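So the structure is just underneath, and the comments pick up after that.
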Amino acid sequence: MVMVLETPLNGFSAHSGLAQPLIAGIDEAGRGPLAGPVVAAAVILGSSYPQGLDDSKKLSAKRRAALDEEVRASCAWGVGVVEAGEIDTLNILVATMTAMTRAMEQLLSVIDGSPQEILIDGNMTPHGRAKGWQWPARAIVGGDGKEPAISAASIIAKEWRDRMMLEAASEHPHYGWERNKGYGTAEHMEALRIHGPCSYHRQSFAPVAQASLL
């Protein structure tokens, strides 16, 4: 699955700058699905960032989509993607940490200097877990509902991955990815039983590996 990244600061140059102090928030989407990539986003809020940011899972689809556009227009951000084949090579934990590293690298490429603090949703950081990670960071359990910068990253990561899965669904319509986004729903499992896995599936995940043996 290949998707060209949009210009990270699309629309940002029209705004007054970044909120101070510079705090980067990082979150991921797609650790649990059987198919598709894991996607991470890193965000530094702009001084005019949208209000109402929250954990992407707590937002309606319509509200999340609107906030995604507003965040990408008013904040500095980067996205990191690790595809299914690389997930199988690395394992999902390392793949997630690698996606976060790539998101951070892209974010840093579009700002001057470095953030004073990097906040990551969850209970661990990529330090020592992903090649290339080199920044001090702090993990916050439930951070996507507590820290606005992490909330913004959560929204971007979720919307970005959903768009990738809609694109993949157009190539492989029988898995229902436009509805299940690659998660192991009854519909997806039945399609795996009938059609077997495709190149977007994570072969290292047990349900996919088992379907390959049928």
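Note that the structure is predicted; figures quoted are calculated from it, not measured.
Cluster annotation: M124 and I118 are assigned to the same hydrophobic cluster (Ile/Leu/Val/Met/Phe/Trp/Tyr, side-chain heavy-atom contacts under 4.5 Å, transitive). By the criterion of side-chain heavy atoms lying less than 4.5 angstrom apart, applied directly or through intervening Ile, Leu, Val, Met, Phe, Trp or Tyr residues, V110 is grouped together with L108 in one hydrophobic cluster. No chain of hydrophobic side-chain contacts below 4.5 Å, direct or via other Ile, Leu, Val, Met, Phe, Trp or Tyr residues, connects L53 to L119. No continuous path of hydrophobic side-chain contacts links I140 to M100 [ILVMFWY only; heavy atoms under 4.5 Å].
Between L45 and V43, the closest side-chain pair of non-hydrogen atoms falls below 4.5 Å. By the 4.5 Å heavy-atom criterion applied to side chains, K58 and D55 are counted as neighbours. Side-chain contact between I111 and L18: present, with at least one pair of heavy atoms (C-beta onward) separated by less than 4.5 Å. Contact annotation: the side chain of K158 approaches that of D162 to within less than 4.5 Å [non-hydrogen atoms, C-beta and beyond]. Here the side chains of W133 and T98 are not in contact, with every heavy-atom distance at 4.5 Å or above. Under the 4.5 Å side-chain criterion, counting only non-hydrogen atoms from C-beta, D121 is not in contact with S154. Counting only heavy atoms from C-beta outward, the side chains of P33 and K181 never approach each other to under 4.5 Å. Counting heavy atoms from C-beta outward, K146 and S151 have side chains that stay 4.5 Å or more apart.
Taking 4.0 Å as the cut-off between side-chain N and carboxylate O, R193 and E190 count as a salt-bridged pair. Salt-bridge annotation for D68 and R163: present, with a side-chain N of the basic residue lying under 4.0 Å from a carboxylate O of the acidic one. Under a 4.0 Å N-O distance rule, the pair R102/E86 qualifies as a salt bridge.
Ring pair H188/Y183: centre-to-centre distance not below 6.0 Å.
Side-chain contact check for Y200 and E171: at least one donor-acceptor pair (N or O, by modelled atom type) lies under 3.5 Å.
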Apply the test side chain to side chain contact (heavy atoms under 4.5 Å, CB included) to residues E83 and M164: give CA-CA distance (whole Å), side-chain angles for both, the deciding distance (0.1 Å), then the verdict.
CA-CA 11 Å; E83 301 282 5; M164 294 185 75; 3.8 Å; yes
Go through H127 and W135 one step at a time and tell me if the side chain to side chain contact (heavy atoms under 4.5 Å, CB included) criterion holds.
CA-CA 8 Å; H127 181 71; W135 311 280; over 6 Å; no
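With hydrogens and angles ignored, the 3.5 Å screen pairs a side-chain donor or acceptor of R202 with a backbone N or O of G36. In this structure, W77 contributes its side chain and R72 its backbone to a donor-acceptor pair below 3.5 Å. Side-chain atoms of H195 do not come within 3.5 Å of backbone N or O of L192 as any donor-acceptor pair. Under a 3.5 Å cut-off, the side chain of Q106 and the backbone N or O of V79 do form a donor-acceptor pair. In this structure, E178 contributes its side chain and A169 its backbone to no donor-acceptor pair below 3.5 Å. Checking side-chain atoms of D144 against main-chain N and O of G122 turns up no donor-acceptor pair under 3.5 Å.
Minimum heavy-atom separation, G132 to T101: C-CG2, 3.7 Å. Of all heavy-atom pairs spanning S74 and P50, the tightest one is OG-CD, 3.4 Å. The minimum heavy-atom distance between A157 and A41, with the atom names listed, is N-CB, 3.8 Å. Residues S56 and R64 come closest through the heavy atom pair O-NH1, 3.2 Å. Nearest heavy atoms, R161 versus A29: CD-O, 3.5 Å. Looking at every heavy atom in both residues, E28 comes nearest to T96 through CG-CG2, 3.6 Å.
Note: N91 CG to S204 OG = 8.0 Å, rounded to the nearest 0.5 Å. The line from OG1 of T89 to CD of Q203 is 11.0 Å long, rounded to the nearest 0.5 Å. Note that CD1 of I155 is 11.0 Å distant from NZ of K57, once rounded to the nearest 0.5 Å.
Around CG of D112, the count of heavy atoms belonging to other residues, nucleotides or ligands within 6.0 Å does not exceed 12.
In this structure, H174 and H172 have perpendicular ring planes: the angle between them is above 60°, well past the 30° mark.
Just one residue in the list I26, D27, I23 forms a side chain to side chain contact (heavy atoms under 4.5 Å, CB included) with I150, and that residue is D27.
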